[in-house]
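Counting starts at 1 for both ligands and their atoms, in listed order.
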Amino acid sequence: MRQPPLTSTASFQALAQHADVAKSWQMRDLFAEDPDRFERFSDEAAGLFLDYSKNRLDGRTLELLVGLARERGLEARRDAMFAGEKINNTENRAVLHTALRAPRGATLVVDGQEVNADIHAVLDRVKTFTDAVRSGDWLGHTGKPITDIVNIGIGGSDLGPKMVVLALRHYAHPRLRMHFVSNVDGHDMDAALAQVDPETTLFIVASKTFTTAETMMNAQTARAWFLQHAPAQLAEQALARHFVAVSTNTEAIKTFGIDPANMFPFWDWVGGRYSVWSAIGLPVALAVGFGYFKDFLAGAHELDEHFCSAPLEQNLPTLLALVGFWNRQFLDCASVSIAPYHQDLNRFPAYLQQLDMESNGKRVTRDGQPVDTPTCPAIWGECGTNGQHAYFQLLHQGTDVTPMDFIAALRPAHEMDNHHTALLANCFAQSEAFMKGKTADEVRADLQAQGLAAEEIDRLTPHKTFPGNRPSNTILMERLTPSTLGALIALYEHKTFVQGVLWDVNSFDQWGVELGKVLAKKIEAELAGEPAPGQHDSSTNGLIARARAAF
Ligand code: F6P
């Protein structure tokens, strides 16, 4: 059903009126007026606790936001996604990453095909293969066990497995070193190959389409490098011990020269940025073992069940989405900063960049009409405490208000308790500082107590004043485990979905990446020596000319 423009809906208009008042609220006052604010605006599910009380909202705000979600048909759209309807309407595809983490035996038919059986058949193969590599039974062509695994992929075929392998490093196999090559920049491949031995290295070529230019070039380079070190007469057998592929494109894999027996398939209803749950997660299963990989899937599934069954008012991904939407739409926040206070979640902000910005970085609705409000904010971030000593200055005192998501585990995976206490203290202190700020009067009182002269106090006070009233969410888990990590990722996936429903965009295509790809092919040929270029604008022509002169 065609959705009316967002701003024309009754709920949006009620929210806009409400926002006129809410804009003047100070969170300090909201907390002072309501001693139960933390209890009222926090909830938990699937091992995750969400505190969203440090946002500029009240009960009425939430009521109106939930009303908007209902008016936009969130529950029906969610059910359509889980049921395998083709909600990716520009590619005519179902969106079923959630099916990848459903337990064996769940029933779901897509295009006449029972997908649960297919999914678990591939998972069984992943188990057999990863068990063999991890145990040392899978041998390289000279009879040695595998020591290094190089995943070659980009975007969703890199960011997910790389982020998860790092996040779960405490569960990793001690013999297996994991490497990830994504960039077409040869320095990336060069650095990986310098660290590995062809006799003991397994390459995973991971590409949904098996046509992505960067991945194909990197895979060809790795193959050529490997063959230089393998006996020419046994090349085929040797390749089969060292190259596997993960893709939906069997034909392209055969053409590349990978034995289809070494291919782990997935399906076109798995979007690249939602694919870590599929065989794209092979590096994860290799690193942590199939048992923990299953725990990872189970954690996400638990969050899926919560998303499908909890009332919207207590539904974690929905709440996270609604609060983000409120900040974006009515409080004019153009970006969101992600601050994991956990070093092992170092790549989580980068992962969320693709998840959110490739999904909802859209300017037309599902029907191709221009949207009538801003859509996805920019997502960026860095681990705490490092970010504090870099860009937090802007977050505290800059002219833009940037909502923050703080993410922390209550218990560490190490025994340096003093470090963990300091880490959590910093995490909680930052959200307190963003909320409270420091008034000019408080600054003056401090400076007076330090004995500064009145003139000096006047001079310094504006510099030392913090406006505060800056929104943040805090997500806590007991420990960072395969299961809580699975739930955390699913939380953000569904948050992205809910926001896409509110904006009525298709969160599952990514046409915006195509133009640059086409132009790069043309310029690559020109750089490689095709007749002198000149078909571009003067800037592009000039840059090409400079590069050609340097070759
Ligand atoms: O170009 C963008 C994109 O299509 C992403 O959506 C995707 O995750 C990435 O490229 C890699 O695609 P593939 O897995 O097909 O190589």
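The shortest contact between atom 12 (O) of ligand 1 and any protein heavy atom is with T212 OG1, 3.4 Å. When only non-hydrogen protein atoms are considered, atom 8 (O) of ligand 1 lies nearest to G156 N, 2.7 Å. When only non-hydrogen protein atoms are considered, atom 15 (O) of ligand 1 lies nearest to T209 OG1, 2.6 Å. What sits closest to atom 3 (C) of ligand 1 on the protein, heavy atoms only, is E358 OE2, 4.2 Å.
In this structure, R78 fails the cation-pi test against F497, since its NZ or CZ atom is not both closer than 6.0 Å to the six-membered ring centre and inside 45 degrees of the ring normal.
Residues D356 and S359 have side chains that never bring a donor and an acceptor to within less than 3.5 angstrom of each other. There is a side-chain donor-acceptor pair under 3.5 Å between R273 and Q510.
In V513, the part holding a heavy atom less than 4.0 Å from any atom of ligand 1 is the side chain.
Selection from K208, R273, K517 by nearest heavy atom to atom 4 (O) of ligand 1 gives K517.
For H301 and F307, the distance between ring centers is not under 6.0 angstrom. The ring of Y274 has its center closer than 6.0 angstrom to the ring center of F508.
Using a 4.0 Å threshold on non-hydrogen atoms, atom 10 (O) of ligand 1 does not count as touching the protein.
Heavy-atom contacts of I154 reach the following atoms of ligand 1: 9 (C), 11 (C) (cutoff under 4.0 Å). Shown in contact with G155 at under 4.0 Å from a heavy atom are these atoms of ligand 1, numbered in order with element: 8 (O).
In this pair, H242 and F226 present their aromatic rings tilted. The plane angle is within the 30 to 60° band.
Distances shorter than 4.0 angstrom occur between a heavy atom of Q354 and an atom of ligand 1.
For the pair L485/V164, a side-chain contact is recorded, criterion being any heavy-atom separation below 4.5 Å from C-beta on.
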